[in-house]
*Asks:* 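Right, I'll just put the structure down here and ask away after.
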Amino acid sequence: MKRAFALCDVNNCYVSCERAFDPSLIGKPVVVLSNNDGCVVARSAEVKALGVEMGTPFFQLRELAEQHGIIALSSNYRLYAEMSNRFMSILGDFVTHEEQEVYSIDESFLDLTAYQQLYDLESYAKQIRARVQKWIELPISVGIGSTKTLSKLANHWSKKHSQFNGVCNINDMDEATLHRRMKRTEVNEVWGIGRQLSKQLAAQGIITVFDLARSNPLEMQKRYSVVMSRTIKELNGVCCIELETVTPVKKQIVSSRSFGELVTTIEPLEQAMRYYVRTAVSKLRKDGSVCAVMTVFIRTNPFRSQDPQYYKSVSFRFPVATDDLLVMSKVAVRSLKQIFKTGYKYKKAGVIFSELQPTSSVTLDLFSIADIDEKRERLIVALESVVDKFGKHAVKLGSVDSKGATWEMNCENRSPNYLSNWDELPLVY
DNA sequence: TCTGGGGTCCTAGGACCC
DNA sequence: TCTGGGGTCCTAGGACCC
């Protein structure tokens, strides 16, 4: 039986999320901007129609924005994450857990193979679409094909051509139509073919999706890579990329930011490093991992060609994989001192945790409340419940955020008893 | 004059994705 | 003047070890 993958994604995701909460934005040209309001990371249809590309620096757009009354919003990732969860869970009502892959914040692959006999897939997809629209007011598109790569392509067409009404099923398309569409679509629309590869392919005479689909996967594998040959096979309906229903364990955690203004001294970089380590550690703990290698990097602004450029990173391997905020902060600052050079204007810095391993320890993210006494109460309650579960030897106090935004407690079976008396809890900032 | 080979770790960089 | 952040995979060269 022919496989049937569906790719469902939210149109103009961040803009649509904003519109769901502020309907006055509907019908108006809207963009959502990245950190520091630097780049455009989402565009409404009206803005796309003006020819604004993804990732355009906002300052290049000021004039156009004024002319057309473009509304620019700073991004609100909490909101988008929340909407994403709801979106995914609605999709989950239409398939089993093993038939859904959450691919990104706004995209999910569904394996609809088993539903072909029960339903007309196009109307099934339309039901999904209607429910998402009704329940959370997000517009979505659905592409269906016999491989993930084809479903991506179908999804692209579903958006590009209004006659599809947001649902395009390649499996129902006759071959002549499919080929005609492939001939009219540029190769860079294919999943896995980016800017650079498109250039190289063009030099080889491969311009359209059809050209690529007709090329010889073996020869192309020699010239490019195994990834390329898989893409070609997938375009021909040979399934090489399976649905991934269990989210693979992360291999690295990155925490980095660009600075609003250029930094020339080490102090603000130190501050930033401590912050990066804190956010990365809290992700690490959420994943239940510890980290064996930490990389610290700093860089100048590559767009300022008038300035001398500097990029430097350094890695540190911990003797024992860890999630200890204090130790990691110290190492990060020391690493920074190692690579910092005066005379440069720094634009960006960050930390990368790699060689992550699962840990047996339990971490609780406990507090984000203002009242200190209440915090103390809740900390004690939480500690007692941990002691009940693991015994008193299991408790080790983790780090405490200096600003008091989050309290974290690391309860680790292997660690010695750090805690002999509840009254000794370090509750002072 | 003639300058091993294999393995690992680290750094750097290039490509792609969202 | 102003150019995001978080991921994956792959390759290659130098340092260092045996």
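All chains are named by letter (A, B, ...) in the order of the sequence lines, taking the proteins before the strands, and each is independently numbered beginning at 1. Everything numeric here is computed off the predicted structure, so don't read it as measured data.
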*Asks:* With sequence neighbours left out, write down each residue that passes side-chain contact (heavy atoms from CB on, under 4.5 Å) with A:Glu122, or none if nothing qualifies.
*Replies:*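 A:Glu122 satisfies side-chain contact (heavy atoms from CB on, under 4.5 Å) with A:Asp120, A:Lys126, A:Val167 once adjacent residues are dropped.
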*Asks:* If you take any heavy atom closer than 4.0 Å to DNA chain C, which residues from residues 45-61 of chain A end up in contact?
*Replies:*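 The answer is A:Pro57, A:Phe59.
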*Asks:* Over how many whole Å does the gap from A:Met228 atom CE to B:dC16 atom P extend?
*Replies:*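 Atom CE in A:Met228 sits about 9 Å away from atom P in B:dC16.
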*Asks:* CD of A:Glu107 versus P of B:dC17: gap in Å, rounded?
*Replies:*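 In whole Å, B:dC17 P and A:Glu107 CD are 11 Å from each other.
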*Asks:* Do A:Glu18 and A:Tyr80 have a side chain donor and acceptor closer than 3.5 Å?
*Replies:*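 Result is yes, a qualifying pair exists.
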*Asks:* I'd like to know if the side chain of A:Tyr224 pairs up with that of A:Gln204 as donor and acceptor (distance under 3.5 Å, no hydrogens or angles considered).
*Replies:*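 The answer is yes; a qualifying pair exists.
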*Asks:* Given C:dC2, is OP1 or OP2 found less than 4.0 Å from the side-chain N or O atoms of A:Arg304?
*Replies:*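 The answer is yes; a side-chain N or O of A:Arg304 sits under 4.0 Å from OP1 or OP2.
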*Asks:* Please determine if a side-chain N or O atom of A:Lys152 lies less than 4.0 Å away from the OP1 or OP2 oxygen of B:dC18.
*Replies:*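 True: A:Lys152 side-chain N/O within range (under 4.0 Å) of B:dC18 OP1/OP2.
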*Asks:* Between C:dT3, C:dG4, B:dA15, spot the one nearest the side chain of A:Leu197, thanks.
*Replies:*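 Looking only at heavy atoms from C-beta outward on A:Leu197, the closest nucleotide is B:dA15.
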*Asks:* Is the cationic atom of A:Lys347 (NZ for Lys, CZ for Arg) positioned less than 6.0 Å from the six-membered ring centroid of A:Phe259 and within 45 degrees of its normal?
*Replies:*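 No, A:Lys347 does not lie over the aromatic ring of A:Phe259.
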*Asks:* If I take atom CZ in residue A:Phe297 and atom C1' in nucleotide C:dG4, what distance separates them, rounded to the nearest angstrom?
*Replies:*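 A:Phe297 atom CZ is separated from C:dG4 atom C1' by 12 Å.
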*Asks:* For A:Tyr80 and B:dC18, what is the distance between atoms OH and P respectively, to the nearest whole Å?
*Replies:*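 Rounded to whole Å, this separation is 19 Å.
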*Asks:* C:dT1 P sits how many Å from A:Phe303 CZ, rounded?
*Replies:*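 After rounding, the reported distance stands at 15 Å.
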*Asks:* Run the side-chain donor-acceptor check on residues 332-344 of chain A: report pairs under 3.5 Å with partners two or more places apart or on a different chain.
*Replies:*
| unit_1 | atom_1 | unit_2 | atom_2 | d |
| --- | --- | --- | --- | --- |
| A:Ser335 | OG | A:Val331 | O | 2.8 |

*Asks:* Rounded to whole angstrom, note down the C1' distance from C:dC18 over to B:dC2.
*Replies:*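 Here C:dC18 and B:dC2 have their C1' atoms 23 Å from each other.
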*Asks:* Map A:Lys312 and A:Ile105 onto DNA chain B by nearest heavy atom, then report which one ends up closer to the 5' terminus.
*Replies:*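 Looking at DNA chain B, the more 5' nearest nucleotide goes with A:Lys312.
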*Asks:* Less than 3.5 Å apart, which donor and acceptor atoms pair up between the side chains of residues 52-63 of chain A and the rest of the protein, not counting sequence neighbours?
*Replies:*
| unit_1 | atom_1 | unit_2 | atom_2 | d |
| --- | --- | --- | --- | --- |
| A:Thr56 | OG1 | A:Glu53 | N | 3.4 |
| A:Thr56 | OG1 | A:Glu53 | O | 2.5 |

*Asks:* Taking atom types as modelled, find out whether A:Glu99 and A:Thr245 have a side-chain donor-acceptor pair closer than 3.5 angstrom.
*Replies:*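 Not at all, the side chains of A:Glu99 and A:Thr245 share no donor-acceptor pair under 3.5 Å.
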*Asks:* Whole angstroms only, please: what is the CD1-C1' distance between A:Ile193 and B:dC16?
*Replies:*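 After rounding, the gap between these two atoms is 9 Å.
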*Asks:* Give me the distance, rounded to whole Å, that separates B:dC17 from C:dT3 when you measure between the P atoms they each carry.
*Replies:*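 About 25 Å, rounded to a whole number of Å.
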*Asks:* Can you tell me how far apart CZ (A:Arg43) and NZ (A:Lys48) are? Round to the nearest 0.5 Å.
*Replies:*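 NZ of A:Lys48 is found 5.0 Å from CZ of A:Arg43.
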*Asks:* Check whether the side chains of A:Ser24 and A:Asp22 place a donor and an acceptor atom closer than 3.5 Å, and report yes or no.
*Replies:*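 The answer is yes; a qualifying pair exists.
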*Asks:* Going by the angle between their ring planes, with limits at 30° and 60°, are A:Tyr115 and A:Tyr119 parallel, tilted or perpendicular?
*Replies:*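 Aromatic pair A:Tyr115/A:Tyr119 classed parallel.
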*Asks:* Rounding to an integer number of Å, can you tell me how far A:Lys148 NZ sits from B:dC17 P?
*Replies:*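 Rounding to the nearest Å, NZ of A:Lys148 and P of B:dC17 are 14 Å apart.
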*Asks:* In whole angstroms, how far is the C1' atom of C:dT3 from the CG atom of A:Leu33?
*Replies:*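 In whole Å, C:dT3 C1' and A:Leu33 CG are 12 Å from each other.
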*Asks:* Dump the pairs, protein N or O against N or O of nucleotides 5-13 of chain C, anything under 3.5 Å, distances to one decimal.
*Replies:*
| unit_1 | atom_1 | unit_2 | atom_2 | d |
| --- | --- | --- | --- | --- |
| C:dG5 | OP1 | A:Asn35 | ND2 | 2.7 |
| C:dG5 | OP1 | A:Ser258 | N | 2.7 |
| C:dG5 | OP2 | A:Ser258 | N | 3.1 |
| C:dG5 | OP2 | A:Ser258 | OG | 2.8 |
| C:dG5 | O3' | A:Arg257 | NH1 | 3.4 |
| C:dG6 | OP1 | A:Arg257 | NH1 | 3.3 |
| C:dG6 | OP2 | A:Ser256 | N | 2.8 |
| C:dG6 | OP2 | A:Ser256 | O | 3.1 |
| C:dG6 | OP2 | A:Ser256 | OG | 3.0 |
| C:dG7 | OP2 | A:Val254 | N | 2.6 |
| C:dT8 | OP1 | A:Lys251 | N | 2.8 |
| C:dT8 | OP2 | A:Gln252 | N | 3.4 |
| C:dC9 | OP1 | A:Lys251 | NZ | 3.0 |
| C:dC9 | OP2 | A:Lys251 | NZ | 3.1 |

*Asks:* Taking the ring centre of each residue, are A:Phe109 and A:Phe5 less than 6.0 Å apart?
*Replies:*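 Not under 6.0 Å, so no.
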*Asks:* Dot-bracket for DNA chain B, 5' to 3', counting Watson-Crick or G-U wobble pairs under 3.5 Å, with [ ] for crossing pairs and | for inter-strand pairs?
*Replies:* ....||||||||||||||
*Asks:* Hey, are A:Asp111 and A:Thr113 close enough side-chain-wise for a donor-acceptor pair under 3.5 Å?
*Replies:*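 On atom types as modelled, these side chains qualify, holding a pair under 3.5 Å.
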